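Both backbone and side-chain heavy atoms feed into the values below; hydrogens, waters and symmetry mates do not. Predicted model, so just to flag it, every value in this text is computed and none were measured. Position 1 is the first residue of the sequence, and the numbers go up from there.
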Amino acid sequence: MKKPSVTSFLITLLLSAAVCAHGTTESNGNPVKVGEKYFMQPVKTEHNNGGGLVPAATNILPSCPLGITQTRLPYQQGIPVTFRYTETIDRDFITTNTSINIEFRSDIWPVCNEFSKLWAVDDSSSAKEPAIIIGGKHKSPNSAFKIQNVTVEEHTYKLTTSYGTVGTTPGAWLSAPQLLVTNDESKTLVVKFVKADDANKATTSATSRVEKLGLRMFPFY
Ligand SMILES: *[C@@H]1O[C@H](CO)[C@@H](O)[C@H](O)[C@H]1NC(C)=O
Ligand SMILES: *[C@@H]1O[C@H](CO)[C@@H](O)[C@H](O)[C@H]1NC(C)=O
């Protein structure tokens, strides 16, 4: 009995390694699941305070659709997102290099409710580096993102679109970094995924505290 069990152990190991190789992992190394909530958090560096991502107007005068900004407040987790495949794929976890939609999830959403909460590239813009906006459509090419490997540290990724890589530039609100599409590698946004339920596990009041903090700066930055 010893040999078969070792063999099956090895096979299991090989299979799980094959799955891990292509699966996206959250900050604890677990697979990122379709439909579950994660904070997409910019990786903290010398030049980046690691604050979370929040909806924000792309101009000084608030107008819809909103863009996405990294809060200047470190330790603020931002608003969680969920992922799903743009095509019908029978997997409950998200793989790299595969088209997905990204959607903000919050019960509190005071403005621009006529727009969806799906991320999209502002392809109506003639800007060389168009903004990432909120108001995409499930099947629309401008709403398709891919999670790609980076080698910055474990469990970190970047996002790509058919228009270019997602990066940041100092935005309208106190120069807080605003998300856009760029081909300038120095602007690439490197993120990790932190499971929202873990972050808020303690109590529901912790959840509402996070959401209230989000509301306080939303839609300003
Ligand atoms: C991502 O990285 C993992 C581990 O380094 C590798 O096995 C996998 O093939 C990579 N995936 C892509 C799409 O590059
Ligand atoms: C990503 O997918 C495209 C096709 O969808 C393929 O051409 C490319 O080689 C893939 N890249 C990686 C790093 O696996």
Side-chain angles (χ1 to χ4, degrees), residues 18-43 52-55 65-70 77-106 109 112 115-125 129-168 177-183 185 187-199:
V19 169
C20 288
H22 302 284
T24 305
T25 46
E26 41 85 293
S27 53
N28 291 323
N30 300 313
V32 169
K33 296 287 188 65
V34 172
E36 295 197 3
K37 287 191 200 175
Y38 297 90
F39 293 107
M40 194 190 289
Q41 288 191 317
V43 170
L53 301 179
V54 292
L66 297 169
I68 301 170
T69 286
Q70 184 187 355
Q77 294 181 296
I79 301 227
V81 296
T82 56
F83 306 102
R84 71 161 162 174
Y85 291 111
T86 57
E87 306 300 328
T88 306
I89 297 180
D90 188 20
R91 274 197 299 265
D92 70 346
F93 59 92
I94 296 289
T95 48
T96 53
N97 204 28
T98 315
S99 283
I100 52 166
N101 292 132
I102 306 174
E103 183 171 23
F104 270 126
R105 287 302 174 100
S106 174
W109 202 270
C112 303
F115 288 83
S116 79
K117 298 182 183 66
L118 292 179
W119 293 26
V121 177
D122 183 8
D123 58 0
S124 71
S125 158
E129 297 184 324
I132 304 294
I133 54 169
I134 308 167
K137 295 197 183 79
H138 174 43
K139 289 283 186 187
S140 186
N142 76 333
S143 310
F145 292 80
K146 290 180 176 177
I147 296 174
Q148 305 285 10
N149 281 348
V150 295
T151 51
V152 175
E153 54 182 79
E154 255 196 313
H155 315 308
T156 60
Y157 299 91
K158 65 180 177 184
L159 300 170
T160 58
T161 70
S162 58
Y163 305 75
T165 301
V166 176
T168 59
Q178 186 192 327
L179 270 58
L180 44 58
V181 159
T182 177
N183 290 310
E185 280 185 17
K187 295 181 183 168
T188 299
L189 177 69
V190 176
V191 294
K192 61 184 172 184
F193 307 114
V194 178
K195 191 134 190 302
D197 304 335
D198 290 352

About how many Å separate CD of Gln148 and OG1 of Thr188, when rounded to the nearest 0.5 Å? 11.5 Å

In sequence, state the C-alpha distance, the side-chain angles, and the governing distance for Val54 and Ile68, and then conclude on side chain to side chain contact (heavy atoms under 4.5 Å, CB included). CA-CA 6 Å; Val54 292; Ile68 301 170; over 6 Å; no

Taking Ser116 for the side chain and Gly136 for the main chain, is one N or O donor matched with an acceptor at less than 3.5 Å? yes

Between Glu87 and Lys139, does any NZ, NE, NH1 or NH2 come within less than 4.0 Å of an OD or OE carboxylate oxygen? yes

Phe193/Tyr157 aromatic ring centres below 6.0 Å: yes

Point-to-point distance, once rounded to the nearest 0.5 Å, from NE2 of His138 to CZ of Arg84: 4.0 Å

Show the numbers, then the answer: is there a side chain to side chain contact (heavy atoms under 4.5 Å, CB included) between Arg91 and Thr98? CA-CA 12 Å; Arg91 274 197 299 265; Thr98 315; 4.3 Å; yes

On a heavy-atom basis, the closest approach of Pro141 and Ser162 is O-OG, 4.4 Å

Would you confirm whether Tyr38, through its side chain, and Phe83, through its main-chain N or O, come within 3.5 Å as a donor-acceptor pair? no

Which atom of Pro177 lies closest to which atom of Thr168, heavy atoms considered: CB-CB, 3.8 Å

Using a distance-only test with no angle check, is there a side-chain donor-acceptor pair under 3.5 angstrom linking Ser27 and His155? no

Ile133 and Pro65: which non-hydrogen atoms are nearest, and at how many Å? CD1-CG, 3.9 Å

Of all heavy-atom pairs between Trp109 and Pro55, which one has the smallest distance, and what is that distance? CH2-CG, 3.4 Å

Given the rule in the side chain to side chain contact (heavy atoms under 4.5 Å, CB included) test, do Leu189 and Leu159 qualify, once you have shown the distances and angles that lead to the verdict? CA-CA 8 Å; Leu189 177 69; Leu159 300 170; 5.6 Å; no

With a 4.0 Å cut-off on N to O distance, would you call Glu36 and Lys195 a salt bridge? yes

Does the distance from a Lys or Arg side-chain N to an Asp or Glu carboxylate O, for Glu185 and Lys187, drop under 4.0 Å? no

Please examine the side chains of Glu153 and Val43, heavy atoms only from C-beta on, and report whether any two atoms are closer than 4.5 Å. yes

Would you say Leu53 and Thr69 make side-chain contact, with heavy atoms under 4.5 Å? no

Anything under 30° is parallel, anything over 60° is perpendicular, the rest tilted; go ahead and classify Trp119 against Phe145. perpendicular

CD1 of Ile79 to CD of Glu103: how many Å apart, nearest 0.5 Å? 12.5 Å

Side-chain heavy-atom pair Val81, Phe39 within 4.5 angstrom cut-off: no

For the side chain of Asn28 and the backbone of Asn30, is there at least one donor-acceptor N/O pair under 3.5 Å apart? no

Can you tell me how far the CD1 atom of Ile132 sits from the CG atom of Leu66, to the nearest 0.5 Å? 14.0 Å

Are Gln41 and Gln77 packed together at the side-chain level, in the sense that at least one heavy-atom pair is separated by less than 4.5 angstrom? yes

Audit row: Asn142, Tyr163, side chain to side chain contact (heavy atoms under 4.5 Å, CB included) steps and yes/no: CA-CA 8 Å; Asn142 76 333; Tyr163 305 75; 3.3 Å; yes

Just how far is it from atom OG of Ser140 to atom CG of Leu118, taken to the nearest 0.5 Å? 9.5 Å

Between Gly164 and Asn183, what is the shortest heavy-atom contact and its length? CA-OD1, 3.6 Å

With rounding to the nearest 0.5 Å, note down the distance linking CD1 in Ile100 to OG1 in Thr82. 9.5 Å

Could you check whether any side-chain heavy atom of Thr24 comes within less than 4.5 Å of a side-chain heavy atom of Phe93, counting everything from C-beta outward? no

Nearest heavy atoms of Val32 and Thr25, plus distance in Å: CG2-C, 3.6 Å

